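The structure under discussion appears below in the form of structure tokens.
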2 protein chains.
Amino acid sequence: MSSVSESFSAQNPSAERIPAAERREQILAAASQVFGARGYAGATTDQVAQAAGISQPYVVRMFGTKENLFIEVIERSLSRLMTVFRGEIAKTDPQAADPADTDPAYTDLLSARLGRAYIDLIEDRGILLSLMHGFLTGHDPAIGAAARTGFLDIYRLLRDEAGFEPDQVREFLADGMLFNTLLALRLPDAYDNDEAARELMDCTFRTKLDLVLGASAAHWSEETA
Amino acid sequence: MSSVSESFSAQNPSAERIPAAERREQILAAASQVFGARGYAGATTDQVAQAAGISQPYVVRMFGTKENLFIEVIERSLSRLMTVFRGEIAKTDPQAADPADTDPAYTDLLSARLGRAYIDLIEDRGILLSLMHGFLTGHDPAIGAAARTGFLDIYRLLRDEAGFEPDQVREFLADGMLFNTLLALRLPDAYDNDEAARELMDCTFRTKLDLVLGASAAHWSEETA
DNA sequence: GTCTATATCTTGATAGAC
DNA sequence: GTCTATCAAGATATAGAC
């Protein structure tokens with residue numbers, strides 16, 4: 001994107017004009033990080049603006065309201081997540097005819113692959129965390145509705161497209177929620193100092209631990225405040 | 001508590017004086033509900049005050065800061081949760097000598113009982129939800145530290161006092177996090193209108209479903225806004 | 001122990017120029 | 001397409017009376 005000039009001042013220095021669609025995605029990416037770290041209520045539109053390198057009113061101008069921006073962030077996260085899942089399903093199941101009639105070995109393999117793909121999503125810290133904050137904002141009418149719909153869409157994808165039994169879906173989702181919670185808690189930061197944290201993370205993230213710890217260190221150290 | 005007089009005006013009408021300790025617990029109980037519904041950043045000290053039937057400055061006066069109030073709410077939730085778990089452990093295991101060397105049937109039974117006890121805690125909606133919001137506020141230095149410590153305390157309780165293997169703890173915690181998420185999402189409200197919601201809740205809450213649905217209807221209908 | 005009044009800061013949103 | 005200036009509302013915290 002817009003080169004070195006931004007590294008000093010967060011504010012768009014020469015007010016460079018870029019296409020609205022591109023700017024939109026820039027803002028959404030920035031908002032995803034900010035909302036993921038602080039939640040809907042805890043984040044400000046100004047923090048998003050700074051992260052995107054533009055002015056606060058422009059953020060509001062482009063998305064109407066903070067609430068609407070958050071909803072678009074959630075929908076973007078859901079879209080990415082489901083795209084990734086569908087990719088794994090397609091990759092794993094090149095010749096299965098009936099997704100409702102699958103053998104146990106297949107769903108076990110697919111479950112492992114989807115789990116790995118989920119963990120890979122951590123590379124962009126904002127996706128899973130802003131989603132999680134969306135789920136926790138069920139109280140807000142508009143956000144709550146979007147969050148419920150999205151969550152149930154994931155449920156149906158796992159059941160109908162991946163061919164999981166309801167109880168397999170439940171287990172998969174449960175692991176995901178623990179995963180998200182450990183990330184939000186920033187437990188990776190305690191990995192070196194607490195044996196319980198270490199043990200829990202070892203058994204939660206297993207082979208993908210390096211990715212989690214590495215992404216964590218890189219991510220949090222960049223934070224503004 | 002202070003009887004009928006409060007049903008009209010939320011504000012303590014005649015400024016009735018009650019012992020500080022009792023008032024403290026009143027405020028904590030109210031704050032637990034409010035923070036549980038809206039999270040730390042989303043809740044206001046005034047909402048807590050109204051829920052407790054006193055003035056906003058008095059809430060701040062008694063707890064110093066909103067942040068400190070939230071931390072005390074979290075600690076109260078943790079304390080209740082751990083007390084309940086310890087009660088189940090004691091009840092289940094009257095004669096086991098070495099908690100580190102337990103047979104599978106025992107941990108299965110205990111796990112089921114702890115799970116049931118956890119679901120029972122939903123009767124007070126604030127406990128699990130304010131805890132969950134605490135976990136999601138790992139970004140705040142003070143709150144994050146309290147949340148991490150508390151989470152790890154629960155981990156150690158399950159491992160050392162309940163005698164679970166790390167992987168059993170992981171699974172138990174994962175179910176708990178899914179449980180909390182479904183509550184925060186207010187999925188119980190969608191039970192009648194969405195087959196996926198119904199299926200997921202049926203298999204998550206099983207025999208305790210009545211409790212979840214009942215408590216939900218009763219709880220949310222009482223809400224102020 | 002508890003309230004009223006209020007200072008002060010933050011923040012989402014609008015107006016309007018370039 | 002993007003910014004500066006600014007308003008209005010809301011929220012935490014303090015002061016001080018009763």
Side-chain angles (χ1 to χ4, degrees), chain A residues 1-2 5-6 9-28 30-31 34-35 38-73 137 140 142-143 224-225, chain B residues 1-2 5-6 9-28 30-31 34-35 38-73 137 140 142-143 224-225:
Chain A
M1 307 299 136
S2 46
S5 59
E6 275 182 27
S9 161
Q11 208 78 336
N12 194 349
S14 46
E16 52 176 325
R17 298 162 76 89
I18 69 176
E22 194 180 329
R23 190 63 94 181
R24 229 186 135 70
E25 170 54 24
Q26 247 180 35
I27 298 176
L28 283 172
V34 175
F35 283 131
R38 317 177 92 102
Y40 169 64
T44 71
T45 53
D46 191 56
Q47 288 164 345
V48 172
Q50 284 184 241
I54 59 176
S55 71
Q56 179 267 337
Y58 191 21
V59 171
V60 175
R61 164 72 71 115
M62 185 160 264
F63 290 89
T65 64
K66 178 187 173 186
E67 186 182 64
N68 189 61
L69 171 59
F70 186 64
I71 290 176
E72 295 211 30
V73 165
T137 315
D140 178 290
I143 296 173
T224 332
Chain B
M1 309 290 152
S2 47
S5 59
E6 276 184 26
S9 161
Q11 207 77 336
N12 193 350
S14 46
E16 52 176 325
R17 298 164 76 89
I18 70 176
E22 193 180 329
R23 189 62 94 183
R24 233 188 131 68
E25 169 54 24
Q26 250 180 32
I27 299 176
L28 283 172
V34 174
F35 283 130
R38 316 175 94 101
Y40 170 64
T44 71
T45 54
D46 192 56
Q47 288 164 346
V48 172
Q50 283 184 240
I54 60 176
S55 72
Q56 180 268 336
Y58 190 20
V59 171
V60 175
R61 163 72 71 115
M62 186 160 264
F63 289 90
T65 63
K66 177 188 173 183
E67 186 181 65
N68 189 61
L69 171 59
F70 186 64
I71 291 176
E72 293 210 32
V73 165
T137 315
D140 178 289
I143 296 174
T224 332

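Every chain is numbered from 1, with letters handed out A, B, ... down the list of sequences. For clarity, every value in this text was computed on a predicted model and none was experimentally measured.
- Straight-line distance from the CD atom of A:Q26 to the C1' atom of D:dT2: 13 Å, rounded to whole Å.
- Nucleic acid contact class of A:P57 (heavy atoms, under 4.0 Å, all strands): base.
- Closest approach of A:V48 and A:A30 over heavy atoms only: O-CB, 4.0 Å.
- Screening residues 52-71 of chain B for salt bridge (Lys or Arg N to Asp or Glu O under 4.0 Å) gives no qualifying pairs among residues at least two apart or on separate chains.
- Going from atom CG of B:D46 over to atom P of D:dA11 covers 8 Å, rounded to whole Å.
- Between B:R23 and C:dT2, a side-chain N or O to OP1/OP2 separation shorter than 4.0 Å is present.
- Distance CG (A:D140) to P (C:dG12): 14 Å, rounded to an integer number of Å.
- Comparing B:R17 and B:T65, the nucleotide of DNA chain D nearest to each residue sits closer to the 5' end for B:T65.
- Across all strands, A:A41 comes closer than 4.0 Å to no nucleic acid atom at all (heavy-atom distances).
- The nearest pair of heavy atoms linking A:R24 to A:E72 is NH2-OE1, 2.6 Å.
- Residue-to-nucleotide proximity on DNA chain C shows that, of B:Q56 and B:A21, the 5′-proximal contact is made by B:A21.
- Between the CE atom of A:M62 and the P atom of D:dT2 there is a distance of 6 Å, given to the nearest Å.
- Per the geometry, CZ belonging to A:R61 stands 10 Å off P belonging to C:dT14, to the nearest Å.
- Judged by distance alone, with hydrogens and angles left aside, the side-chain atoms of A:T137 form no donor-acceptor pair with the main-chain N or O of A:D140 at under 3.5 Å.
- Atom OH of B:Y40 and atom P of D:dA11 are 14 Å apart (whole Å).
- At a threshold of 4.0 angstrom between heavy atoms, the contacts of B:T44 are confined to the sugar-phosphate backbone, with no base atom among them.
- Regarding A:Y58, its OH atom lies at a distance of 19 Å from the P atom of C:dA17, rounded to whole Å.
- The OH atom of A:Y58 sits 9.0 Å away from the CG atom of A:N12 when rounded to the nearest 0.5 Å.
- If you measure from atom CD1 of B:I27 to atom C1' of C:dC3, you get 13 Å, rounded to the nearest angstrom.
- Nucleic acid contact class of B:T45 (heavy atoms, under 4.0 Å, all strands): sugar-phosphate only.
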